Amino acid sequence: MKNKNISQQIQILFNQFNVRNYDHVISKGSGLLKKNPEYVILYNLVGSAYQNNGDYINAKSKFKDGLKLDSNNLALMNNLGLSHKNLLEYGLAEKLFLKIINTNKNYINAFINLGNLKRDLNKFDEAINLYEKALSISEPNPVIFYSLALAHQGIGNFEKSIYYSSEALKINFNFTRADHLISQSKKYSVDDKHYSSLKTKIQNLKSDNLEKVDIYFSLAKAEEDIGNIKEAAKNLIIGNKLKKQLLEYNIQDEINLLKDIKEKFSENKFKILSDNNDNNIIFILGMPRSGTSLIEQIISSHNNVYGGGELPILPNIIKKYLINNEKSLKNDFLKIIDDQANLRKLRSNYGDFIKNFNYTEKYITDKAPLNFRWIGFINLLFPNAKIIHCTRDPKNNCLSMFKNLFEGGLNFTYSQEDLVEYYKNYQELMNFWKSQYPNIILDIKYENLIRNNELEIKKIIKFCNLEWDKNCLFFHKNKAPIKTMSTSQARKPIYKSSVNSFDKFKDYFKVLENEL
């Protein structure tokens, strides 16, 4: 009778998990585990709920507990590997995925997850090879096709990206992430078949969900390519509104954090680390869509520079040690960063992470745009690092963010009002940093780079203390991976059409027009 009862309760938890009621699964599942610690499936279920909530530490703990009871459980191993990966413990994650593959050559998820890990480390050839292996042992699978599409887009193979995205859609017509990826990889014409498909799909999708958001943003891109600016604006307004509703997002927490950072660093009495050899890091930061990908392509074209991309390690360190629930700095923040031993530990965490890339160049770029929040902290950890701040005309910059659907975070971009408020607070914080640290930041204005590219590029290379390398002028030939929405633009020679991009939209986005 007990077994039947526990089976029913586990099934109820599965049903709750499938409707994304993860808090309920954690609460009820944890209670069941206390009374029934022998049920391995519960460890996997509760751990997966933690994982979906972004609590990878508790997820990792639950998966490990389950493996103590069943050390050969591949599902637990795979999920533990995912937790390690999300905690940036790439070495531990890779060992688990390889162990699964060696145990069961047909465990598709391990191939996909290891491929995603390799993609994170810019090892795109290895990632593609793993996805292709998964494809060879699997029934046609939209996730594998989409993974291949993402990988090929990242290295500039746009035709292959469109092909694999289309294959995903053949299997699942409503796999709309693939539609959005296609829209980022091509320029539309009126008679484009995918354009027609998007218009049909937006009519047939019944509920207001993320799939519909994908199509609104994709249609907006297509309509702009064709020249239907009014329709493009209409789709952007609807898509952004729906996205924000689904997020249930309030910008005030982020604004409070920016103000808190400024207040804590206003005294500027912290001791920087003196025993350092960190002059090999080039931080490229600013608002998203301000030209950071373009600047990284230029710098990483130099034969002594490795393009790291948007490294997650600094935000991860900040989140782990210095922030409460991503809303405010910890009460003992000042004490933590005023301790040289603490700073050495945090710097060591950063250094250990970038070793994962196994690069041989002397310098590495870190192009996470929102690192602008942490310039004071960067100066404490890496006083010899180079900081390049990318700026762009505010209206053009905010429009570009409003036009794009981002993977995770950047929730302030889905409302004109939020964009304006965040942008003004960003400007205020950057003005503060430049007053505090006047000699460590190079401002590069996107419009100046477009108009006088050789002059600006030479300024950037000189600031980085690099010898001149003419390859930097031919950055569009750079084969370094790009894992952002800028991948197609940054692979083209300098073009001027984006300089006054807001002009054609000014009649439709009055908040941006009037407030910036």
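Source: prediction; values computed, not measured.
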Practice task
Taking the side chain as every heavy atom from C-beta outward, state whether Glu167 and Pro140 have any atom pair closer than 4.5 Å.
Solution key: no
Quiz question: by atom type and distance under 3.5 Å, do the side chains of Asn53 and Asp23 form a donor-acceptor pair? yes
Quiz item: Quick one: are the ring centres of Phe412 and Tyr423 less than 6.0 Å apart?
Solution: no
Is it the case that the side chains of Glu159 and Tyr164 hold a donor-acceptor pair, with the cut-off being a distance below 3.5 Å and no angle test? no
| request: State yes or no: are the ring centers of Tyr414 and Tyr249 separated by less than 6.0 Å? | output: no
Asp366 meets the salt bridge (charged side-chain N to carboxylate O under 4.0 Å, His left out) criterion, sequence neighbours left out, with none
Interatomic distance, CG@Asn106 vs CD1@Ile137, rounded to 0.5 Å, equals 5.0 Å
Is any side-chain N of the basic residue among Lys367 and Glu310 closer than 4.0 Å to the acidic one's carboxylate O? yes
**Message:** Does this structure show an ion pair linking Asp179 with Lys201, if we count only N-O contacts that are shorter than 4.0 Å?
**Reply:** yes
- Item | Quiz item: cation-pi between Lys386 and Phe463, 6.0 Å / 45° | yes
Regarding Asn209 and Glu211, do their side chains bring together a donor and an acceptor under 3.5 Å, going by distance alone?
yes
Side chain to side chain, Leu198 and Tyr188, heavy atoms closer than 4.5 Å: yes
### Query
Does a side chain donor of either Tyr195 or Glu223 reach within less than 3.5 Å of an acceptor in the other side chain?
yes
Taken in chain and number order and not counting sequence neighbours, the residues that satisfy side chain to side chain donor-acceptor pair (under 3.5 Å) with Asn316 are none
ring-ring contact (aromatic ring centres under 6.0 Å, His included) between Tyr363 and Tyr306: does it pass, once the steps are laid out?
CA-CA 6 Å; Tyr363 300 88; Tyr306 175 80; over 10 Å; no
- Would you indicate whether the side-chain heavy atoms of Ser328 and Asn256 approach each other to under 4.5 Å? no
Between Glu126 and the options Lys133, Arg119, Lys118, the salt bridge (charged side-chain N to carboxylate O under 4.0 Å, His left out) test singles out Lys118
- Query: Do Asn396 and Asn500 have a side chain donor and acceptor closer than 3.5 Å?
  - Reply: no
task = Could you check if a side-chain atom of Tyr446 sits within less than 4.5 angstrom of a side-chain atom of Ile444, using non-hydrogen atoms only?
result = no
